[in-house]
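Presented below is the structure to which this report refers.
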Amino acid sequence: MSNRRVRVRFAPSPTGPLHMGGVRTALYNYLFAKKHGGDFILRVEDTDQTRLVSSAEQYIIDALNWCGISPDEGQSVGGNFGPYRQSDRKHLYRDYADKLIASGHAYYAFDTAEDLDRVRVMAKKAGTPNWQYNNITRSQMKNSLTLPEAETKARLEAGEPYVIRIKLPRNEEVKFEDLIRGWVSVNTNNMDDKVLFKSDGMPTYHLANIVDDHLMEISHVIRGEEWLPSAPLHILLYQYFGWESTRPQFAHLPLLLKPDGNGKLSKRDGDRLGFPVFPLQWTDPETGNISSGYREQGYFKEAFVNMLAFLGWNPGTEQELFSLNDLIESFSLERVNKAGAKYDHDKTKWFNQQYLRNYSDAQLADLLLPTLEKNQISATPAFVEGVVALIKERAYFVEDIFTEGAYLFSAPSEYDEKTLKKKWNADARAHVENLAELFANLSSFTAEDLENCFKNYLEAKETGFGKVGPGFRLAVTGKGMGPSMFEICALLGKEETLKRMQHSLEKLPA
RNA sequence: GGCCCCUUCGUCUAUCGGUUAGGACGCCAGGUUUUCAUCCUGGAAAGAGGAGUUCGAUUCUCCUAGGGGCUGCCA
């Protein structure tokens, strides 16, 4: 058992886009697999045909690929344990359900959905809020345990719809050791006879999940805490199938919580609180609604992954910046927290800023190209790199470099009103005029030259930086704030700088 | 309501019986900067409450409270 090859699976249901909680579950599975030299499998659990969203499966694959945590096995990449889509495995499950019936651990139930609704409503009226189909109530229902054998047989042969339910024992303690939570135990009296096989011929999650994990030789089931309540049921299934010796170990992850109010982060929270909940942008195929994604918002996948990894896990050191390889090296389930974690968007932005700074100017210039193209701006690579160097430390996103430094690419068409009002006067105008003249005579136009020239001017005029600087900046950039003016002018070059200064004198009030 | 899980600064977290309870984000103040951003320095900020075990509990146990999950022929 301990020598068993590590094989983990991420098993989403393709009912929509994967949200960041799902991505984190996938990430932890991936990290655990890679840490132990094992396999990371993507299994699509599409047993609920009514909730299926056709484009969801591809979205899930795209999202994992973007994050750099592509599966080793799956429908799209192949593998020796396929098919990896449960609807393609449909033929497999019935036999297992039958085995359970044969061994007395499951039974046929003929109660219709309407029957069950009625019973639940009545029970509620009688003061029982959650009626369950269990080892007591099943005696009053229509199933192969209560019906005469001949009638069961007749109904089956007549093609009457039925489901197969697990038959839980009375008053039995089910215990298992969770890798994150330790011993968890539940009494079967508090569990119900879950449906294993639906009337549409599909297995439910519970059956398909156990059968597939077994067949695919899964060694560790790492999934969200929402599955903790049904884990005992799964334990029992392994027991009834006689698969206890190869039963995977369980690890139930803490949930990602909404930053405001209560509850777990859900798909419906997309953009509601001013941040995406999806890794990639998603267009709802029915409504056409678009939900934003981290990728399209300009987040680096490294930052996104790093941030997600830290929501529920930490290395125990003070290091916070981890590449995917660093994460693989450091990850362990023992260091995963038990309590749910609230998502913090500020921290996510901070992570992105950190990664942005780790890129070289040349790399960032490259990344900026599409944005420039979109805005129909052409500039030499050297110039773009110069802009990056000047602006990058005030940027969180690549795109910020453009929005913050737009005035470097094209001369200002408007001038900041506040600065205009406060700093532009006859003196400022005269200073710009004088400086333009001095600059025109410079043979070398480096930041250093400009600074010297500027400072000499200040001395000559016996004035301070504060009297001249703001007007000068306004004239050249149209802004009231920004990086060093000397750096800016040096980057723009003599011709452009002078042109802008002249232009401002014509355009700004006298 | 029932069952299960959880509980350290606002948030993410460190601490595996003895610490001035540490770090990060955010926030505030000061410094650097012509300005803004960056950067630097500093600051405010936490063991839910109550019992017990122990020489000693944030750490172990129990109770209470609070939070979360589940309670479907959904996953």
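By convention in this document, chain letters (A, B, ...) are assigned in the order of the sequence lines, proteins followed by strands, and residues within each chain are numbered from 1.
The distance between atom CG of A/L207 and atom P of B/C73, rounded to the nearest whole Å, is 14 Å. Across the protein-nucleic acid pair, A/F197 atom CZ and B/A75 atom C1' stand 17 Å apart, rounded to whole Å. When the P atom of B/A75 is taken as reference, atom CZ of A/F10 falls 16 Å away, rounded to whole Å. The CD atom of A/E45 sits 8 Å away from the C1' atom of B/A75 (whole-angstrom rounding). Straight-line distance from the NZ atom of A/K338 to the C1' atom of B/U15: 14 Å, rounded to whole Å. Between A/L256 atom CG and B/G69 atom C1' there is a gap of 14 Å when expressed in whole angstrom units. A straight line from CD1 of A/I488 to C1' of B/U33 spans 13 Å, rounded to a whole angstrom. In this structure, the CD atom of A/E226 is 14 Å from the C1' atom of B/C4, given to the nearest Å.
B/A57 sits 14 Å from B/U8 when the C1' atoms are compared, rounded to a whole Å. Using P as the reference atom, B/C70 and B/C27 are 34 Å apart when rounded to the nearest Å. Between B/C40 and B/G52, the two P atoms lie 49 Å apart (nearest whole Å). Separation of the C1' atoms belonging to B/G50 and B/C55 is 23 Å when rounded to the nearest angstrom. B/G22 sits 37 Å from B/U34 when the P atoms are compared, rounded to a whole Å. Spacing between B/G18 and B/U59 at atom C1', rounded to whole Å, works out to 11 Å. Straight-line distance between the C1' atoms of B/G66 and B/G26: roughly 25 Å, to the nearest whole Å. B/C5 and B/U11 have their P atoms separated by 24 Å, with the value rounded to a whole Å.
Distance alone, capped at 3.5 Å, places no donor-acceptor pair between the A/S230 side chain and the A/L233 backbone. The closest donor-acceptor contact from the side chain of A/K467 to the backbone of A/H431 lies at 3.5 Å or more, if one exists at all. The backbone N or O of A/P169 lies less than 3.5 Å from a partner atom in the side chain of A/T188, making a donor-acceptor pair. Side-chain N or O atoms of A/Q75 include one that pairs as donor or acceptor with a backbone N or O of A/Y84 at under 3.5 Å. Between the A/D269 side chain and the A/S266 main chain, a donor and an acceptor come within less than 3.5 Å of each other.
As judged by a 4.0 angstrom heavy-atom cut-off over every strand, A/V163 is placed among the base-contacting residues. Using a 4.0 Å heavy-atom criterion, one finds that A/M202 contacts no nucleic acid atom at all. Among the heavy atoms of the strands lying under 4.0 Å from A/T112 is at least one base atom, whether or not backbone atoms are also near. When heavy atoms are screened at a 4.0 angstrom cut-off, A/P254 is found touching no nucleic acid atom at all. Among the atoms of the strands shown, only primed sugar atoms or phosphate atoms (P, OP1, OP2) are found under 4.0 Å from some heavy atom of A/K264. In this structure, A/R165 reaches the sugar-phosphate backbone alone: every heavy-atom distance under 4.0 Å involves primed, P, OP1 or OP2 atoms, never a base. Across all strands, A/R181 comes closer than 4.0 Å only to sugar-phosphate atoms, never to a base (heavy-atom distances). As judged by a 4.0 angstrom heavy-atom cut-off over every strand, A/R335 is placed among residues touching the sugar-phosphate backbone only. Across all strands, A/T47 comes closer than 4.0 Å only to sugar-phosphate atoms, never to a base (heavy-atom distances). No engagement by A/E404 is indicated, since no non-hydrogen atom pair under 4.0 Å with the nucleic acid exists. Residue contacts for A/G312: at a heavy-atom cut-off of 4.0 Å it reaches the sugar-phosphate backbone alone, with no base atom in range.
For A/K479, the NZ atom counts as loosely surrounded, since its 6.0 Å shell holds 12 or fewer non-hydrogen atoms of other residues, nucleotides or ligands. Within a 6.0 Å sphere centred on CD of A/E448, heavy atoms belonging to other residues, nucleotides or ligands number 12 at most.
Among the nucleotides B/U11, B/U13, B/C74, the one closest to any side-chain atom of A/N337 is B/U13. Checked against B/G68, B/C3, B/U71, the side chain of A/E225 finds its nearest nucleotide in B/G68. Closest contact between the side chain of A/Y396 and the listed nucleotides B/U7, B/C73, B/G26 involves B/G26. The side chain of A/W350 lies closest to B/A24, out of B/C73, B/G69, B/A24. Nearest nucleotide to the side chain of A/A339, out of B/G69, B/U7, B/A14: B/U7. Side-chain proximity of A/R51 to the nucleotides B/C74, B/C73, B/G22 is greatest for B/C74. Distances from the side chain of A/R120 to the nucleotides B/G72, B/U11, B/C5 place B/G72 closest. If you check B/U13, B/G26, B/A24 against the side chain of A/A341, the one that comes closest is B/U13. Of the candidates B/C70, B/G1, B/U13, the closest approach to any side-chain atom of A/P129 belongs to B/G1. Here the nucleotide nearest the side chain of A/E393, chosen from B/A37, B/G1, B/A75, is B/A37.
Figure legend. B/C25 is base-paired to B/G10; pairs are counted as Watson-Crick or G-U wobble with both atom distances under 3.5 Å. Base pairing of B/C16: no nucleotide in any strand meets the Watson-Crick or G-U wobble criterion (both distances under 3.5 Å). When both pairing distances are held under 3.5 Å, B/A45 makes no Watson-Crick or G-U pair with any nucleotide shown. Using the Watson-Crick or G-U wobble rule with both distances under 3.5 Å, B/C70 pairs with B/G2.
Note on A/K194 versus A/D192: salt bridge recorded, some NZ/NE/NH1/NH2 to OD/OE distance being below 4.0 Å.
Listed pair A/K198 / B/A75 meets the phosphate criterion, a side-chain N or O lying under 4.0 Å from OP1 or OP2. The shortest distance between the side-chain N/O atoms of A/K422 and the OP1/OP2 oxygens of B/U35 is not below 4.0 Å.
A cation-pi contact, defined as under 6.0 Å to the ring centre and within 45° of the axis, links A/R24 to A/Y28.
Residue whose closest nucleotide on RNA chain B sits further toward the 5' end, between A/K455 and A/H206: A/K455.
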